[in-house]
Amino acid sequence: MTAPTAVLIDCDTGIDDSLALFYAVASADAEIVAVTCCTGNVEADQVAANTLAILELAGRTDIEVAVGRKVPLVRPVEVTPETHGPQGLGYATLPPPHRPLSERHAADVIVAHARSRPGELTLVTLGPMTNLAVALEREPELPNLLRRLVFMGGAFRVPGNTTPTTEWNIHCDPEAAKIVVDAFASAPVLPLGLGLDVTEKAKVLPDHVVRLARRAGSRPDDSIALSAGEHPLVATRSVAGNPIVRCIADSLRFYMEFHARYDGFYGAFIHDPLALAAALDPSLVTTQAVHVDVDTAHGPADGQTIADWRHLTGKAANVEVAVDADAEEFLRRFIERVGGLAERRSPGLADTHPDVAL
Ligand code: BDR
Ligand code: CA
């Protein structure tokens, strides 16, 4: 068996970030070296609390969690309670974490791990790239020290989800994103960028949550709550017996209501777990190397990730942009892995689960 991929996750937890954390913990092919937190979906301190609580639920209180710069490089803080709920995890409420945050700054954690294992570490950013931009200032050799950068961010051939041209993670801190894509042009392996082009293929529906609950052996599972009424899930708290399933169902219900309002379907795009899954197994996506610039001009295209598909600028490629994804296989793995984690974390509930065709 090949060695697990050493990953450091920088995130703004966030509903789909929390699912990415569950996916990482659930994956035998991942070694999580640390998790760092930035402001994005909610403010950094809340992100840190959410991250600690999710890792505790997942049984990984040994992983260092550090917070970084709490404001974007030059822009004011913007958060999105309408998308992720006032505390970032939708309708899910978790007990306050039992352990403190790391005393180290997120940027120092990134730099220290990269230096200690040159060429080994995959850095996965799931939020605005503020911490990575600060880390680059402290260690300009970072692109050469990492094995690879994988980021969720951008809208390369598709419209934005925050402004007509711009995706949320880039929108929050476009200056940081520009510093990062410029700096990583010299990386031995180009960064893998997953924008909305592919992450909006990772559509989770209520039925997927039922399958996950059944895979977890949850008694009861969530099929009643998820199938009741004209709009499944609406005004219903999870009835699942398994605490990880409950957390996922209650957070996703909020996300699904948001997508029903803004995207026309009762389900949710789970951007960040797809990015994490692709960091562990890049064969889940197909890519095209292209030069990417980030617009920081404060105009109508502010924060746009401009990809030079026709090589008009003559500039060398600096990002492997994901142009397609095997969303079906990703969702199968998501259910199998995260459902399996939930089952392992709740042994008393696991002995009666039925066989589920995945
Ligand atoms: C990205 O923005 C956030 O709301 C999500 O967590 C994801 O990282 C999608 O645009
Ligand atoms: Ca995120």
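Order of appearance sets the numbers: ligands from 1, and atoms from 1 within every ligand.
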Looking only at protein heavy atoms, which one is nearest to [atom], and what is the separation?
atom: atom 6 (O) of ligand 1; value: D16 OD1, 2.5 Å
atom: atom 3 (C) of ligand 1; value: N41 OD1, 3.2 Å
atom: atom 2 (O) of ligand 1; value: W168 CD1, 3.1 Å

Just to be sure I read this right, does ligand 1 sit under 4.0 Å from the backbone of [X], its side chain, both, or neither, counting only heavy atoms?
X: T83; answer: neither
X: D17; answer: side chain
X: T199; answer: neither

If you measure every N/O of [X] against every N/O of ligand 1, is any gap under 3.5 Å?
X: Y255; answer: no
X: H271; answer: no
X: T80; answer: no

Salt-bridge present ([X], [Y]; N to O < 4.0 Å):
X: R333; Y: D29; result: no
X: R332; Y: E328; result: no
X: R104; Y: E64; result: yes
X: E31; Y: R117; result: yes
X: E343; Y: R215; result: yes

Residue [X] vicinity, atoms of ligand 1 by number, heavy atom under 4.0 Å:
X: D272; answer: 5 (C), 6 (O), 7 (C), 8 (O)
X: E167; answer: 1 (C), 2 (O), 9 (C), 10 (O)
X: M152; answer: 1 (C), 7 (C), 8 (O), 9 (C)

Self-check item: Passing option when D12 is tested against N50, N41, T39 for side chain to side chain donor-acceptor pair (under 3.5 Å)
Solution: N41

Quiz prompt | Atom of D12 nearest the Ca ion (ligand 2) (restricted to N/O/S, atom name only) | solution = OD1

Quiz item: Of all N, O or S atoms in D272, which has the smallest distance to the Ca ion (ligand 2)?
Solution: OD2

Exercise. Would you check if the Ca ion (ligand 2) lies under 3.0 Å from any N, O or S atom of A20?
Key: no

If we count only N and O atoms by modelled type, under 3.5 Å, do the side chains of [X] and [Y] hold a donor and an acceptor together?
X: E78; Y: H171; result: yes
X: D10; Y: T36; result: yes
X: R337; Y: S27; result: yes

Self-check item: Stepwise salt bridge (Lys or Arg N to Asp or Glu O under 4.0 Å) test for D308 and R310
Solution: CA-CA 6 Å; D308 183 12; R310 289 185 165 171; over 6 Å; no

